[in-house]
Amino acid sequence: MRSLPLYDKPPTAAVETCEKRELDHDCTRCALSNTAHSVCIPDELVEGKGSETLMLVGESPGYLEDRKGRPFVGDSGAYLRSLVRQHWAGSVVYSNALRCHPPRNRGEKGNKFKPKEIAACRPFLAQALHETQPNRVVLLGGWSALTFLGRKIPPLSARKG
């Protein structure tokens, strides 16, 4: 059977082509650091029994994550962690595309984050990807896809795709 390639070369994600940068808790690369309680929240690695690593990338920290300085510790984060424990035996890296909590009422007009904020946090995500070398990456939301891939996808219409 003959097949035609979709691309001349495999497409690369924006996070693969940008610079890598260590986390900076004194970061002032964008305006989010002015309003956040915890600046540049680090990833969290949960060791598992299997040899594979899963990386879950959320959009940004919520209020509780901002106060505690850890990703996915709110109600929805706890629910997600319980689901992952049930269905994944390997290690899990919990991460966020943007590292600082945005101000309240930011996403009412649909523009939750600004391009400068996304560009400022992408190097931190690139460093996390480089350090953890996950076998699988799950992007949780359109903004995390925009930060990771360089293009925004509508997550509800891309299910099972």
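A quick note: this is a predicted structure, and the numbers were derived from the prediction, not measured.
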Hey, does V39 have a side-chain heavy atom less than 4.5 Å from the side chain of D26? no

With side chains defined as the heavy atoms from C-beta onward, is the minimum distance between I118 and L146 less than 4.5 Å? yes

dist E65:CD -> S38:OG (nearest 0.5 Å) comes out at 10.0 Å

Counting distance only, does the side-chain N/O of Q86 pair as donor-acceptor with the main-chain N or O of L83 below 3.5 Å? no

Determine whether a donor-acceptor pair (N or O, by modelled atom type, separation under 3.5 Å) exists between the side chain of S33 and the backbone of R29. no

Judged by atom type as modelled, is there a donor-acceptor pair below 3.5 Å linking the side chain of T147 to the main-chain atoms of R122? no

With sequence neighbours left out, the residues meeting side-chain contact (heavy atoms from CB on, under 4.5 Å) with Q133 are H130

Heavy-atom closest pair (S82 atom, Y79 atom, distance to 0.1 Å) is OG-O, 2.7 Å

Could you check N96, V93, V84, D43 and say which one makes a side-chain contact (heavy atoms from CB on, under 4.5 Å) with L56? V84

Give a yes or no on whether the backbone of A128 and the side-chain of E131 come within a donor-acceptor separation of less than 3.5 Å. no

Heavy-atom nearest pair, C121 first then A97, reads CB-O, 3.4 Å

pair S95-L129: side-chain heavy atoms closer than 4.5 Å: no

Here the pair of heavy atoms bringing G48 nearest to S91 is N-OG, 3.2 Å

Calculate, to the nearest 0.5 Å, the distance between atoms CZ and CG belonging to R99 and L32 respectively. 13.0 Å

Fit a plane to each ring of Y94 and F72, take the angle between them on a 0 to 90° scale, and name the class: parallel (under 30°), tilted (30 to 60°) or perpendicular (over 60°). tilted

For residues L45 and E47, determine if any side-chain heavy atom of one lies less than 4.5 Å from a side-chain heavy atom of the other. yes

So, taking the atom named CZ in F124 and the one named CD in E19, what distance separates them when rounded to the nearest 0.5 Å? 8.5 Å

Do side-chain atoms of E52 reach the backbone of N135 as a donor and acceptor pair under 3.5 angstrom? no

Which pair of heavy atoms, one from P134 and one from V137, lies closest together, and at what distance? CG-CG2, 3.8 Å

Check for a donor-acceptor pair, side chain of E117 on one end and backbone N or O of L98 on the other, with a separation under 3.5 Å. no

Distance-only, no hydrogens or angles: does the R21 side chain make a donor-acceptor pair with backbone N or O of P123 under 3.5 Å? no

State, with a plain yes or no, whether a side-chain heavy atom of V15 is found less than 4.5 Å away from one of K20. no

Quick check: does any side chain N or O of R136 sit under 3.5 Å from a backbone N or O of L54, one acting as donor and the other as acceptor? no

Do other residues, nucleotides or ligands put more than 12 heavy atoms under 6.0 Å from D75 CG? no

With heavy-atom distances below 4.5 Å as the criterion, would you say the side chains of V138 and M55 are in contact? no

What one should report as the nearest heavy-atom pair of G74 and L64 is CA-CD1, 3.8 Å

How long is the straight-line distance from SG of C40 back to CG of D24, given to the nearest 0.5 Å? 6.0 Å

Sub-3.5 Å donor-acceptor pair from the side chain of D66 to the main-chain atoms of H101, do we have one? no

Heavy-atom distance under 4.5 Å between the side chains of S60 and F113, does that happen here? yes

In terms of hydrophobic clustering (I, L, V, M, F, W, Y; side-chain heavy atoms under 4.5 Å; direct or indirect links), are V73 and L80 co-clustered? no

Is there a side-chain contact between C100 and I41 (heavy atoms, below 4.5 Å)? no

Are E44 and R81 close enough for a salt bridge, meaning some N to O gap below 4.0 Å? yes

